[in-house]
Amino acid sequence: MKRLTILGSTGSIGTQALDVIRNKKDEFKVVAISANSSVDKLIKQIEEFQPEYAVIMNKDLLQTVKDKAEKYGTKVLTGIEGLEYISTLDNVDMVLTSVVGMIGLRPTIAAIRAGKDIALANKETLVVGGRLIKEELLKSKSRIIPVDSEHSALFQCLNGENKENINNLILTASGGPFRGKKKSELDDVSPEMALKHPRWNMGRKISIDSATLMNKGLEVIEAHYLFDVDYDNIKVIIHPQSIIHSMVEFKDGSILAQLSNTDMRHPIQYALEYPNRTESLIGYLDLIKNNTLTFEQPDLETFECLELAYKAGKTGGTMPAVCNIANEEAVELFLNNKIKFLDIPKVIKEAMNKFDVKYDFDLDYIFDLEEKVREFVRTII
Ligand SMILES: NC(=O)C1=CN([C@@H]2O[C@H](COP(=O)(O)OP(=O)(O)OC[C@H]3O[C@@H](n4cnc5c(N)ncnc54)[C@H](OP(=O)(O)O)[C@@H]3O)[C@@H](O)[C@H]2O)C=CC1
Ligand SMILES: CC(=O)[C@@H](O)[C@H](O)COP(=O)(O)O
Ligand SMILES: [Mn+2]
């Protein structure tokens, strides 16, 4: 029986993880869950899974959740301290990090310090704190098992392989809702249009990231930290069908790929059960029905965010953090109709030009930087 904390249990990844667990009750026990402000969803999850702890980030909703949770014996906490607490519980084996944004950084580091295995969906955390997280991992028995579909694919393709034999990691990208469009056609696209992902049903922030290709940029940086591969050997290829979730090209010319139905419950199940594999919940891939797999070069001129993320990654130090923080802020502004779609890369570029890179930094420096970059972005718009 694996005992789990799920950070962000009310989101797209969190609810799909609970769906996996619901179907595999003899394998998993949910010890703790968390939400930002989705109080009704959180209360339903408390009723169904009766966890020992629940965290509601929004302090104004604490009493409402407490009132409902009492009869199940669930203790209710709030704030970042609450997230850190449930990530370090003695009786938890694995923490699924499925909050959105760099808010996941503190609890992820706390979980690693407490020796918990991490099922990592929350890519922003690794982008912002990759170097710090790797230092913590060296001192801990914890392992990171990727949940992001591309990194789960790479992890599976690299199983048992010698990393020295890697030629290239090849990340696949759907191309998002605006694949094939030019800049002149993207001037006036609305958040609703950008949220319509062609293949995946995901949270709002990652859906916008997919539309700008920043999602793939963040994933390039995520892959660099997870697999220790140079940026020059991490390639992105557009694969509109999203059936091949990523590939590894080895020095001898072999390419290994991981294919499965386009459903996040597959990589979630893989990470939660790792190193086991049990029966699929989502059915088996029909290769005859999916017999057309195509590939294209990404259009870097139209989708500038991908190049910006490569630049941030190659610069290293605090630059990936600046890139991610500016992106988080810009996406929020776009979703609130405060800036246009094509302003997103402009804002990120300005932030990356403004903030000097620092190579020797700690967690406090990152949070100070977070405030400064967010403030900068708000003032330039
Ligand atoms: N969705 C997907 O298919 C994939 C997602 N990912 C990554 O997984 C992560 C989660 O994505 P997704 O599930 O789509 O996101 P969602 O927006 O659907 O869910 C986010 C979760 O985090 C909670 N949350 C939001 N803001 C805060 C905050 N400030 N403090 C604490 N908790 C917060 C939300 O609570 P509430 O419900 O109350 O708002 C919710 O539980 C992201 O990093 C994303 O990039 C990676 C691969 C695929
Ligand atoms: C499901 C998943 O892992 C997402 O990160 C997905 O890859 C997004 O699609 P894009 O390939 O369009 O970014
Ligand atoms: Mn992905």
Side-chain angles (χ1 to χ4, degrees), residues 6-18 33-43 45 54-59 61 65 78-80 82-84 86 96-108 119-128 146-154 171-179 194-220 222-223 236-242 244-246 260-268 271 298 303 305-306 324 327-328 331-332 335:
I6 304 179
L7 303 176
S9 60
T10 50
S12 160
I13 293 289
T15 51
Q16 292 181 84
L18 287 173
I33 57 179
S34 86
N36 187 32
S37 57
S38 298
V39 65
D40 294 341
K41 261 193 198 170
L42 186 70
I43 288 166
Q45 292 177 351
V55 174
I56 181 86
M57 283 298 279
N58 184 333
K59 292 189 167 55
L61 299 168
V65 183
T78 187
I80 191 73
L83 290 186
E84 284 178 308
I86 63 169
L96 169 62
T97 63
S98 49
V99 289
V100 58
M102 64 175 285
I103 188 80
L105 184 54
R106 271 190 207 281
T108 303
L120 182 95
N122 176 222
K123 63 193 81 179
E124 296 91 346
T125 278
L126 202 57
V127 169
V128 167
V147 169
D148 207 345
S149 61
E150 296 74 7
H151 306 74
S152 174
L154 296 171
L171 295 177
T172 51
S174 74
F178 304 134
R179 181 175 67 91
L195 285 167
K196 282 208 179 91
H197 196 279
R199 295 283 159 195
W200 301 94
N201 187 5
M202 310 182 287
R204 286 161 66 83
K205 194 265 177 181
I206 186 178
S207 297
I208 302 301
D209 285 346
S210 292
T212 61
L213 287 203
M214 179 50 94
N215 183 48
K216 219 44 59 180
L218 298 177
E219 292 185 348
V220 166
E222 183 186 7
V236 170
I237 192 163
I238 303 292
H239 166 50
Q241 296 81 18
S242 301
I244 297 179
H245 298 299
S246 277
S260 54
N261 284 325
T262 313
D263 189 319
M264 277 308 290
R265 287 173 298 174
H266 174 78
I268 292 170
F303 300 98
C305 285
L306 180 54
N324 177 77
N327 181 59
E328 284 190 24
V331 169
E332 193 60 29
L335 282 169

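Whatever order the structure lists them in is the order used to number ligands and atoms, beginning at 1. Heavy atoms only: backbone and side chains are in, while hydrogens, waters and symmetry mates are out. Throughout, numbering of the chain's residues begins at 1 and tracks the sequence.
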Any idea which of [options] brings a heavy atom closest to [atom]?
| atom | options | answer |
| --- | --- | --- |
| atom 4 (C) of ligand 1 | L96, V147, N215, I13 | I13 |
| atom 25 (C) of ligand 1 | V100, T15, L83 | V100 |
| atom 30 (N) of ligand 1 | M57, Q45, M264 | M57 |

Polar-atom distance check: [X] versus ligand 1, any N or O pair below 3.5 Å?
| X | answer |
| --- | --- |
| S12 | yes |
| G11 | yes |
| N36 | yes |
| S149 | no |
| E124 | yes |

Checklist entry - Does an N or O anywhere in H197 fall below 3.5 Å from an N or O of ligand 2? => result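 Looking only at distances, the answer is yes, because the N/O contact criterion of under 3.5 Å is met.
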
Checklist entry - For D209, is the nearest heavy atom under 4.0 Å from an atom of ligand 2? => result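 It does not; every heavy atom stays at 4.0 Å or beyond.
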
Checklist entry - S260 and H245: side-chain hydrogen bond (donor to acceptor under 3.5 Å, both in side chains), yes or no, with the steps? => result CA-CA 8 Å; S260 54; H245 298 299; 3.2 Å; yes

Next on the checklist: If the contact criterion is a heavy-atom separation under 4.0 Å, does S37 count as touching ligand 1?
Outcome noted: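 Yes, S37 has a heavy atom closer than 4.0 Å to ligand 1.
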
Can you list the ligand 2 atoms lying under 4.0 Å from a non-hydrogen atom of [X]?
| X | result |
| --- | --- |
| K123 | 5 (O) |
| M202 | 4 (C), 8 (C) |
| W200 | 1 (C), 6 (C), 8 (C), 9 (O) |
| D148 | 2 (C), 3 (O), 5 (O) |

Interfacing atoms of ligand 1 (cut-off 4.0 Å, heavy-atom, [X]):
| X | value |
| --- | --- |
| I206 | 4 (C), 5 (C), 6 (N), 14 (O), 44 (C), 45 (O), 46 (C), 47 (C), 48 (C) |
| S98 | 10 (C), 20 (C), 21 (C), 22 (O) |
| N122 | 43 (O) |

Checklist entry - Tell me, do V100 and R204 make a side-chain contact under 4.5 Å, heavy atoms counted? => result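 They are not in contact (no side-chain heavy atoms under 4.5 Å apart), so the answer is no.
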
Checklist entry - Which is it for K123 and N215 under the side-chain hydrogen bond (donor to acceptor under 3.5 Å, both in side chains) test, yes or no, and what are the steps along the way? => result CA-CA 9 Å; K123 63 193 81 179; N215 183 48; 2.6 Å; yes

